[in-house]
Amino acid sequence: MKLVIAGKGGSGKTSISGTMCRHLARHGHTVLAIDGDSNPNLALTLGIPAEQMGSLPTLTRDLLDRTAGEDRLKKTLDEICATHSATGPDGVTLLVMAHPQHAGTG
Ligand SMILES: Nc1ncnc2c1ncn2[C@@H]1O[C@H](COP(=O)(O)OP(=O)(O)OP(=O)(O)O)[C@@H](O)[C@H]1O
Ligand SMILES: [Mg+2]
């Protein structure tokens with residue numbers, strides 16, 4: 001089953017996504033969550049510390065092979081998860097599309 005959550009800003013997308021992921025994982029399902037938000041914060045909802053996410057490598061464009069007229073991954077999903085994912089306390093595996101560096105205050 002693949003679920004995509006999209007919608008209006010601030011409408012609860014991240015909260016409901018994280019809750020569903022944790023619920024399904026607690027009931028024995030294998031759950032891979034992919035945070036495609038340009039300002040990702042699904043990790044927080046899944047219970048994964050920000051410091052752990054910050055130490056993961058970014059998913060770079062060179063993971064994609066675009067030579068055949070369509071996008072194909074150069075590695076298997078398992079290989080990518082082994083190096084680029086984090087796992088939450090309920091067993092949800094999280095992949096984050098981008099880790100933008102934010103400016104500090106003042
Ligand atoms: N069912 C709910 N009842 C009350 N507050 C909620 C509920 N779901 C989410 N919220 C709160 O609403 C705010 C926005 O939720 P959330 O971050 O999940 O939305 P979002 O759609 O992912 O936002 P964004 O578009 O900024 O990514 C948060 O402060 C969250 O705690
Ligand atoms: Mg959100």
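Remember, it's 1-based here, ligands and their atoms both numbered in the order they're listed.
When the side chains of ILVMFWY residues are joined at heavy-atom separations under 4.5 Å, either directly or via intervening members, Leu44 and Leu42 end up in two distinct hydrophobic clusters.
The two residues Gly10 and Lys13 have their closest heavy-atom pair at N-NZ, 4.0 Å. For Leu56 against His84, the heavy-atom pair with the smallest separation is CD1-O, 3.4 Å. Nearest heavy atom pair, residue Cys21 against residue Ala33, reads SG-CB, 3.9 Å. Nearest heavy-atom pair, Arg26 versus Asp90, reported as atom, atom and distance to 0.1 Å: NE-OD1, 2.8 Å.
Those atoms of ligand 1 that come under 4.0 Å of a heavy atom in Gly10, given as number and element, are 14 (C), 19 (O), 20 (P), 21 (O), 23 (O), 24 (P), 25 (O), 26 (O). Listed by atom number, the atoms of ligand 1 under 4.0 Å from Gly9 heavy atoms are 25 (O).
Residue contacts with ligand 1 for Asp37 involve side-chain atoms from C-beta outward but no N, CA, C or O (heavy atoms, distance under 4.0 Å).
Atom 4 (C) of ligand 1 is not flagged as protein-proximal [any protein heavy atom, distance under 4.0 Å]. Within the 4.0 angstrom cut-off, atom 21 (O) of ligand 1 has one or more protein heavy-atom neighbours. For atom 14 (C) of ligand 1, the protein comes within 4.0 Å by at least one heavy atom. There is no protein heavy atom closer than 4.0 angstrom to atom 1 (N) of ligand 1. Distance check on atom 29 (O) of ligand 1: every protein heavy atom falls at or beyond the 4.0 Å cut-off.
Residues Asp62 and Thr60 bring a donor and an acceptor atom of their side chains to less than 3.5 Å of each other.
Closest to atom 10 (N) of ligand 1 by heavy atom, among Ser38, Gly18, Ser15, is Ser15.
Among Leu94, Val92, Leu77, the single residue meeting the side-chain contact (heavy atoms from CB on, under 4.5 Å) criterion with Leu32 is Leu77. The side-chain contact (heavy atoms from CB on, under 4.5 Å) test with Pro40 singles out one residue from Asp35, Thr14, Ile34, and that residue is Asp35.
Counting protein heavy atoms only, atom 17 (O) of ligand 1 is closest to Thr14 CB, 4.2 Å. Scanning all protein heavy atoms for the shortest distance to atom 19 (O) of ligand 1 gives Gly12 N, 3.0 Å. Given atom 25 (O) of ligand 1, the protein heavy atom at minimum distance is Lys13 NZ, 2.8 Å.
For a distance bound of 2.8 Å, the N, O or S atoms of Ser15 include none lying that close to the Mg ion (ligand 2).
Salt-bridge annotation for Asp65 and Lys74: absent, with no side-chain N of the basic residue lying under 4.0 Å from a carboxylate O of the acidic one.
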